[in-house]
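Okay, structure first, notes after.
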Amino acid sequence: MDIKNFSAETNQGPFLNINEDGFEFNFDDNIFMVFDGFGGNGVGDKAVAELKKNIIKFYNNFVIDRNATLPFFYSPKYLLEGNALINSALFSHAELYKQNSSKDISSRAGATGIIGALSESVFSLLSVGNCRAYLARKGQITSIFSDDSFQYLGQDSFQSHFRNIPLAGFGLFPDLHYQVREVRVTPGDKILFITDGVYGRLEEVELLDAMSRQTIDIKNKVHELFDLANRRGNLDNQTCMIIEF
């Protein structure tokens, strides 16, 4: 499946002086990722940089040698790419958790994220924490994962940005809590990865509207989502990735 249009952008947002969000992609290996780091200046942003480097490194090793032994996990339920994503996430989490274990709690870092790998027409996706992935298809938008956050513990739907605190993340706990999905994409589909600095103030119908409109190019679709969230009072970092097929 060919990617027809692509755009990704990260921004510190209108309030913060640092950006702990981040994204990475590699068209040679068809791997894509978005992260929301936490821990503070020089902590969360470094954790995201390490996660991106380690995940790409491990996944590249798999691409080079598809017969390589997967050291942590294997399930026949998933494609080899899905298994490689899981192992890349577990390896990178273990490295970050080991670093955190030797630090004072105030210096520890973590991140939530969405990682995807495309193999022909199947998009293997892995989610940790509260970043979101959406599939837009034929005028409908579907959330691919359920947030691992306080989403279902709050009661006020008009202040959903207060319920986006993640319950899982890279580097936080001995075990990595993750979700995996495999999505068969078709021509015209759009995949959206976003952090809570974007979706926290927006409705899903507004995400669909920006993604579906033909009157704006794909880069401006990202800017429109950022601007709308900021006008609604966003105070967080923002990252958005759109992949159109």
Side-chain angles (χ1 to χ4, degrees), residues 5-24 32-41 44-45 48 110-114 116 125 127-169 179 189-244:
N5 290 298
F6 174 87
S7 184
E9 191 162 331
T10 187
N11 191 283
Q12 67 189 40
F15 179 75
L16 299 175
N17 293 322
I18 61 169
N19 188 2
E20 297 177 275
D21 280 9
F23 67 85
E24 189 62 77
F32 309 87
M33 58 189 82
V34 160
F35 293 102
D36 186 346
F38 44 84
N41 188 19
D45 51 337
V48 167
T112 63
I114 299 281
L125 299 158
S127 170
V128 175
N130 67 340
C131 293
R132 288 188 182 178
Y134 287 97
L135 168 65
R137 173 183 289 168
K138 296 181 179 179
Q140 303 290 326
I141 190 167
T142 304
S143 180
I144 298 173
F145 299 101
S146 177
D147 293 359
D148 196 353
S149 70
F150 282 96
Q151 178 184 3
Y152 298 109
L153 297 177
Q155 297 180 347
D156 188 348
S157 62
F158 294 100
Q159 294 188 345
S160 61
H161 52 284
F162 292 137
R163 296 186 277 116
N164 297 333
I165 299 171
L167 292 173
Q179 303 173 62
D189 286 352
K190 301 175 181 64
I191 297 287
L192 172 70
F193 294 172
I194 46 176
T195 60
D196 63 338
V198 184
Y199 73 75
R201 308 276 178 160
L202 305 181
E203 300 291 337
E204 289 185 353
V205 66
E206 294 172 316
L207 299 176
L208 178 63
D209 179 65
M211 292 176 67
S212 302
R213 230 167 327 130
Q214 302 298 321
T215 55
I216 54 176
D217 64 38
I218 190 169
K219 194 170 189 64
N220 284 331
K221 292 178 182 180
V222 174
H223 294 162
E224 182 174 292
L225 291 175
F226 284 5
D227 292 343
L228 182 57
N230 291 341
R231 291 199 302 271
R232 299 269 177 83
N234 169 59
L235 302 176
D236 204 353
N237 301 148
Q238 298 172 298
T239 300
C240 176
M241 179 179 289
I242 301 177
I243 307 167
E244 296 183 346

> Between CD1 of Ile218 and CD1 of Ile243, what distance do you get to the nearest 0.5 Å?
Replying inline: 8.5 Å
> Looking at Ala229 and Val198, what are the two nearest heavy atoms and their distance?
Replying inline: CB-O, 3.7 Å
> Could you go step by step and tell me if Val128 and Phe35 meet the side-chain contact (heavy atoms from CB on, under 4.5 Å) rule?
Replying inline: CA-CA 9 Å; Val128 175; Phe35 293 102; over 6 Å; no
>> As an exercise, state the distance from OG of Ser149 to CG of Leu167, rounded to the nearest 0.5 Å.
In response: 6.5 Å
> Sequence neighbours excluded, which residues qualify as salt bridge (charged side-chain N to carboxylate O under 4.0 Å, His left out) partners of Glu24?
Replying inline: none
> Between the side chains of Asp196 and Gln238, is a donor N or O closer than 3.5 angstrom to an acceptor N or O?
Replying inline: no
> With a 4.5 Å heavy-atom cut-off, do Met241 and Ser7 have their side chains touching?
Replying inline: no
>> Before you tell me yes or no, could you show the steps for Phe193 and Thr239 under side-chain contact (heavy atoms from CB on, under 4.5 Å), namely the whole-Å CA-CA distance, both residues' side-chain angles and the distance that decides it to 0.1 Å?
In response: CA-CA 8 Å; Phe193 294 172; Thr239 300; over 6 Å; no
>> Show the nearest heavy-atom pair for residues Ile216 and Ala210, with the distance to one decimal.
In response: CD1-O, 4.1 Å
>> Distance check, rounded to the nearest 0.5 Å: Glu204 atom CD versus Thr142 atom OG1?
In response: 8.0 Å
> Quick one: salt bridge (charged side-chain N to carboxylate O under 4.0 Å, His left out) partners of Asp189, sequence neighbours excluded?
Replying inline: Arg137
>> Let me confirm one number: the CD-CG distance from Glu203 to Leu228, rounded to the nearest 0.5 Å.
In response: 10.5 Å
> If you round to the nearest 0.5 Å, how far is CD of Glu20 from OG1 of Thr195?
Replying inline: 11.5 Å
> Minimum heavy-atom separation for Gly129 to Pro166, with atom names?
Replying inline: CA-CB, 4.4 Å
> Is Asp147 close to Tyr199 at the side-chain level, that is, under 4.5 Å between some pair of heavy atoms?
Replying inline: yes
> Side chains of Leu192 and Met211: does their closest heavy-atom pair fall under 4.5 Å?
Replying inline: yes
>> Under a 3.5 Å cutoff, is there a donor and acceptor pairing between the side chains of Thr112 and Asn130?
In response: yes
>> Evaluate Tyr134 against Leu207 for side-chain contact (heavy atoms from CB on, under 4.5 Å), listing each step before the verdict.
In response: CA-CA 9 Å; Tyr134 287 97; Leu207 299 176; 3.5 Å; yes
> Could you go step by step and tell me if Phe23 and Met33 meet the side-chain contact (heavy atoms from CB on, under 4.5 Å) rule?
Replying inline: CA-CA 5 Å; Phe23 67 85; Met33 58 189 82; over 6 Å; no
> What is the distance from atom CD1 of Ile194 to atom CD1 of Ile114, rounded to the nearest 0.5 Å?
Replying inline: 9.5 Å
>> Leu208: which residues meet the side-chain contact (heavy atoms from CB on, under 4.5 Å) condition with it, sequence neighbours left out?
In response: Ala136, Ile141, Ser212
>> Test: salt bridge (Lys or Arg N to Asp or Glu O under 4.0 Å). Region: residues 208-220. Which pairs qualify, not counting sequence neighbours?
In response: Glu9-Lys219, Asp209-Arg213, Arg213-Glu224
>> Applying side-chain contact (heavy atoms from CB on, under 4.5 Å), can you list everything that pairs with Asn19, at least two apart in sequence or on another chain?
In response: Thr10, Gln12, Asp21, Asn237
> Which atom pair, heavy atoms only, marks the closest approach of Asp45 to Gly40?
Replying inline: OD1-O, 3.9 Å
> Heavy-atom distance under 4.5 Å between the side chains of Asn234 and Pro14, does that happen here?
Replying inline: yes
>> If the threshold is 4.0 Å, N to carboxylate O, is there a salt bridge linking Lys221 and Glu244?
In response: yes
> Can you name the residues that form a ring-ring contact (aromatic ring centres under 6.0 Å, His included) with Phe6, not counting sequence neighbours?
Replying inline: Phe25, Phe27, Phe32
